[in-house]
Amino acid sequence: MPEGPSIVILRELAADFYGKKILHVEGNSKIDKTRLVGQYIKSLRSWGKHFLIEFSGFSLCIHLLMFGSYRINERKESPPRLSLQCSDKTELNFYACSVKYIEGELDEFYDWSVDVMSDFWNPAATRKKLRALPEKWVCDALLDQDIFAGVGNIIKNEVLFRIHVHPLSTLGALSSPKLHALVEQARTYSFEFLEWKKAFVLKQHWLAHNQPTCPRCGILFIRAYLGKTHRRSFYCEHCQKRYLSTKS
DNA sequence: CGTTTTGTTTCAGA
DNA sequence: GTCTGAAACAAAAC
């Protein structure tokens, strides 16, 4: 479930827990669970792939990693990492995820302008960060959570295909319009991902990710583990141009 | 049924 | 210090 739009769906599904009191806590997480008992949920938020449950003076940060899952008012067979049980038999259950406390105010801890799904997302600041890293590969930049919080491997592959850019292009070699398109599509595609995911039609809209051939020219996609991140990339050698700076 | 992977942290070693 | 790569985690889809 893990890219940013999927966490937005979780946040929306869990919105009813706003204001609820935690009555009982279970789970195999090593965090201090007694601390949560009696606390009221002040807000349910997200930043990139982080799902945040805010209490008075501290918050829970839940990251589903690669294989994490959740159930709301239902349980899986496997033991929960964390189960937050409220009144009227409502509960939030999380499995195979990372659970941490964040001390203090979330607004102090997070820069919301980095989150591609946020109302406070800031494309100009994003472009400025990209311009400061001319040697960075574009495939790594998209996966960098300090630049594009919430973007994951699927969004990476789809955005690069849409803007016709090879994953091993360097940021410094991209023209201003290409850099604009990169930043703009990171957000636009993420919101389309959100709508398609909600409608259970996400996979059928993939043009590059997990696809055998380029829908634009018909040749086989190259499939390789690229960048410092060594994440799976699908790209078309014909349609996606590799931009490299001329000085090297 | 074995392989693969929507992700991140940690740690050893250079 | 700082960078890199591998391991660890863990589960369902294909």
Side-chain angles (χ1 to χ4, degrees), chain A residues 1-13 27-31 46-52 59-71 74-83 93-102 109-111 114-117 133 135-162 167-168 185-213 221-235:
Chain A
M1 299 246 120
E3 297 194 33
S6 298
I7 306 306
V8 170
I9 291 172
L10 164 57
R11 192 187 74 210
E12 292 175 355
L13 290 174
N28 54 26
S29 168
K30 288 174 185 166
I31 64 159
S46 63
W47 180 90
K49 299 162 188 168
H50 300 193
F51 177 55
L52 305 164
S59 299
L60 272 175
C61 174
I62 294 172
H63 196 305
L64 296 176
L65 301 172
M66 199 92 92
F67 315 116
S69 60
Y70 62 87
R71 292 290 185 276
E74 290 176 14
R75 296 182 184 190
K76 294 177 75 171
E77 298 239 346
S78 52
R81 178 69 32 89
L82 189 70
S83 172
N93 297 313
F94 300 95
Y95 306 86
C97 56
S98 158
V99 179
K100 291 178 187 170
Y101 281 121
I102 291 172
F109 194 85
Y110 286 104
D111 178 355
V114 180
D115 177 7
V116 297
M117 302 305 292
L133 298 165
E135 301 302 316
K136 198 176 179 85
W137 281 316
V138 64
C139 61
D140 290 332
L142 276 165
L143 293 174
D144 188 331
Q145 300 300 295
D146 294 328
I147 302 173
F148 292 105
V151 169
N153 205 36
I154 296 170
I155 296 172
K156 176 199 81 178
N157 282 322
E158 294 295 318
V159 166
L160 291 176
F161 180 71
R162 279 187 170 194
L168 290 182
Q185 282 301 319
R187 178 161 170 105
T188 302
Y189 181 78
S190 294
F191 276 87
E192 288 177 27
F193 182 124
L194 172 64
E195 293 311 311
W196 289 330
K197 178 96 183 170
K198 282 180 177 175
F200 306 103
V201 294
L202 177 63
K203 285 185 188 181
Q204 58 189 262
H205 284 92
W206 287 345
L207 297 180
H209 187 80
N210 246 348
Q211 302 306 301
T213 54
F221 272 125
I222 307 292
R223 171 191 174 141
Y225 292 82
L226 298 184
K228 288 197 173 184
T229 46
H230 300 132
R231 298 300 305 280
R232 201 169 56 145
S233 291
F234 295 84
Y235 65 96

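Lettering follows sequence order; numbering is per chain, from 1.
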- Message: Taking A:P80's backbone N and O only, do any of them form a donor-acceptor pair with A:N93's side chain (distance below 3.5 Å, no angle check)?
- Response: no

From CD1 of A:I155 across to P of B:dT5 the rounded distance in Å is 18 Å

Between CG of A:L142 and C1' of B:dT6 the distance, given in whole Å, is 14 Å

Whole-Å distance, A:H230 NE2 to B:dT5 C1', equals 16 Å

Taking only the side-chain nitrogens and oxygens of A:R232, find out if one of them lies under 4.0 Å from OP1 or OP2 of B:dT4. no

N/O-N/O pairs, protein side and nucleotides 1-4 of chain C side, under 3.5 Å:
{"from": "C:dT4", "atom 1": "OP1", "to": "A:K228", "atom 2": "NZ", "distance (Å)": "3.1"}
{"from": "C:dT4", "atom 1": "OP2", "to": "A:K228", "atom 2": "NZ", "distance (Å)": "3.3"}

note: A:L143, atom CG; B:dT5, atom P; distance rounded to Å ~ 14 Å

A:F51 atom CZ is separated from B:dT8 atom P, nearest whole Å, by 17 Å

- [ ] Using the C1' atom on both, measure B:dT6 against C:dG5 and round to a whole Å.
- [x] 22 Å

A:D140 CG to B:dG7 P, in whole Å, measures 13 Å

Think A:H63 has a side-chain N or O under 4.0 angstrom from the OP1 or OP2 of B:dG7? no

- Spell out, as yes or no, whether a donor-acceptor pair under 3.5 Å connects the side chain of A:E3 to the backbone of A:G152. yes

Only residue of A:R187, A:R162, A:K198 satisfying salt bridge (charged side-chain N to carboxylate O under 4.0 Å, His left out) with A:E192 is A:R162

Look at the side-chain N and O atoms of A:Q145 and state whether any lies under 4.0 Å from the OP1 or OP2 oxygen of B:dG7. no

Stems in DNA chain B, runs of 3 or more consecutive Watson-Crick or G-U wobble pairs with both distances under 3.5 Å, sorted by first number, are B:2-5 with C:11-14, B:7-14 with C:2-9

Result for side-chain contact (heavy atoms from CB on, under 4.5 Å) between A:W196 and one of A:Q204, A:K203, A:H205 points to A:H205

Between A:S6 and A:K49, do the side chains contain a donor N or O and an acceptor N or O under 3.5 Å apart?
no

Value for OG (A:S98) from NE2 (A:H50), rounded to nearest 0.5 Å, stands at 8.0 Å

- Query: Does the ring center of A:F221 lie less than 6.0 Å from the ring center of A:F161?
  - Reply: yes

So OH of A:Y101 and SG of A:C61: to nearest 0.5 Å the spacing works out to 12.5 Å

Just say parallel, tilted or perpendicular for the rings of A:F234 and A:H209, cut-offs at 30° and 60°. perpendicular

- Query: Should A:M117 and A:I7 count as side-chain neighbours, where that means a heavy-atom distance under 4.5 Å?
  - Reply: no

The contact string for nucleotides 9-14 of chain C, one letter per nucleotide 5' to 3', using protein heavy atoms under 4.0 Å with B, S and - for base, sugar-phosphate only and none, comes out as -BBSSS

dist A:S46:OG -> A:Y110:OH (nearest 0.5 Å) comes out at 10.0 Å

Of the listed B:dT9, C:dG5, B:dT6, the closest approach to the A:K100 side chain comes from B:dT9

Rounded to whole Å, the CD1-C1' distance (A:I154 to B:dT4) equals 13 Å

Exercise for the section: Taking atom P in both B:dC11 and C:dA10, compute the distance separating them and give it to the nearest angstrom. Expected result: 16 Å

Rounded to whole Å, CG of A:D146 lies from P of B:dT8 at a distance of 10 Å

Correct closest heavy-atom pair for A:K156 and A:V151 would be N-CG1, 4.1 Å

